[in-house]
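To start, the structure under review is shown below, and the notes come after it.
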Amino acid sequence: MEDEVDRLVVAWQEERPDLDVEPLQVLSRVSRLARHLDRARRAVFVAHELESWEFDVLTALRRAGKPYQLSPGRLLRANLVTSGTMTNRIDRLAAAGLVERHPDPQDKRGVLVELTEAGRTRVDGTFADLLDRERELLGGLSAAEQRQLAGLLRTLLVPFDATTESLPPA
């Protein structure tokens, strides 16, 4: 079995035999997979009339558990965006009836963003369909291979996440 990355590696080995192009074996495949996954995810989001950023905010609220509320600060940290961007996103989701703002009972100046019933219904349906699609994408791997791949990818990802977490809030 040969893929596009195999062809790319051979071409680079011929053109630049002085370079070790071995990292391409893994990282070019990860990059190509990310693009394919992004396309598949966007198709699910379009079917549910959501943008990927909307899904990200709604899922952060849904994962918070009842009463499905988070502060804007917690949402921006969960989504790695600036406060201005998050404010704009919350405004747009509120206008669409997917979230509501409420005063924070713990902080008189604060606000909590709450997932509405319409938002919960939308995100639940989208998430179920997304998982179905992702299961299809992983269909060529056994359960054991999926666990092994997940572990290897975790090993690569942890240092990046640790660096991101140590950055000051935007």
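The figures that follow rest on heavy atoms only: side chains count, while hydrogens, waters and symmetry mates do not.
Listed by first and then second residue, the salt bridge (Lys or Arg N to Asp or Glu O under 4.0 Å) pairs that reach into residues 22-37 are Asp3-Arg29, Asp6-Arg29, sequence neighbours excluded. Pairs of residues two or more places apart, or lying in two chains, that qualify as ring pair (Phe, Tyr, Trp, His ring centres under 6.0 Å) and include a residue from residues 40-81 are Phe45-Phe55.
Across Ala60 and Asn79, no two heavy atoms sit closer than the pair CB-ND2, 4.2 Å. Taking all atoms of both residues into account, the shortest heavy-atom contact from Val44 to Leu130 is CG1-N, 3.8 Å.
Leu50 is connected to Phe127 through a chain of hydrophobic side-chain contacts under 4.5 Å among Ile, Leu, Val, Met, Phe, Trp and Tyr, so both are in one cluster. Leu33 and Leu37 fall into different hydrophobic clusters, defined by Ile, Leu, Val, Met, Phe, Trp and Tyr side-chain heavy atoms under 4.5 Å apart, directly or through other members.
Remark: Thr87 engages no residue in a side-chain hydrogen bond (donor to acceptor under 3.5 Å, both in side chains) (not counting sequence neighbours). Qualifying side chain to side chain contact (heavy atoms under 4.5 Å, CB included) partners for Ala143, counting only residues two or more places apart in sequence or in other chains: Arg147. Residues passing the side-chain hydrogen bond (donor to acceptor under 3.5 Å, both in side chains) test with Glu51, sequence neighbours excluded: none. Remark: Glu136 engages Arg133 in a salt bridge (Lys or Arg N to Asp or Glu O under 4.0 Å) (not counting sequence neighbours). When the side-chain hydrogen bond (donor to acceptor under 3.5 Å, both in side chains) test is applied to Arg101, the partners found at least two apart in sequence or on another chain are Asp91. When the salt bridge (Lys or Arg N to Asp or Glu O under 4.0 Å) test is applied to Arg89, no partner is found at least two apart in sequence or on another chain. Here Glu2 pairs with Arg7 under the side-chain hydrogen bond (donor to acceptor under 3.5 Å, both in side chains) rule; sequence neighbours left out. Scanning for salt bridge (Lys or Arg N to Asp or Glu O under 4.0 Å) contacts around Arg39 gives an empty result, with sequence neighbours left out. By the salt bridge (Lys or Arg N to Asp or Glu O under 4.0 Å) test, Asp132 pairs with Arg135, sequence neighbours left out.
A donor-acceptor pair under 3.5 Å is absent between the side-chain atoms of Glu114 and the main chain of Glu100, judged by distance alone. Looking at Ser28, its side chain never comes within 3.5 Å of a backbone N or O of Gln25 through a donor-acceptor pair. A donor-acceptor pair under 3.5 Å is absent between the side-chain atoms of Ser71 and the main chain of Leu112, judged by distance alone.
Atom CE of Met86 and atom CG of Asn88 lie 10.0 Å apart (nearest 0.5 Å). Distance CG/Leu115 to NZ/Lys66: 11.5 Å, rounded to 0.5 Å. For the atom pair Thr85 OG1 and Ile90 CD1, the distance stands at 11.0 Å (nearest 0.5 Å). To the nearest 0.5 angstrom, Asp129 atom CG is 11.5 Å from Glu134 atom CD.
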Exercise. So Val99 and Leu58, side-chain contact (heavy atoms from CB on, under 4.5 Å) or not? Walk me through it.
Worked result: CA-CA 8 Å; Val99 302; Leu58 296 175; 3.9 Å; yes
Exercise. Which is it for Arg16 and Val21 under the side-chain contact (heavy atoms from CB on, under 4.5 Å) test, yes or no, and what are the steps along the way?
Worked result: CA-CA 9 Å; Arg16 292 295 310 267; Val21 296; 5.7 Å; no
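For the side chain to side chain donor-acceptor pair (under 3.5 Å) criterion with Asp38, the lone passing option out of His36, Arg42, Arg41 is Arg42.
Counting only heavy atoms from C-beta outward, the side chains of Val123 and Glu54 never approach each other to under 4.5 Å. Between Leu75 and Leu61 there is a side-chain heavy-atom pair separated by less than 4.5 Å.
Within 6.0 Å of atom CD in Glu49, 12 or fewer heavy atoms from other residues, nucleotides or ligands are found, so the atom counts as exposed in its surroundings. Open room surrounds CZ on Arg74; 12 or fewer heavy atoms of other groups in view lie less than 6.0 Å from it.
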Which pairs of donor and acceptor atoms, one on a side chain in residues 148-160, lie under 3.5 Å apart (sequence neighbours left out)?
residue, atom, partner, partner atom, Å
Thr155, OG1, Gly151, O, 3.0

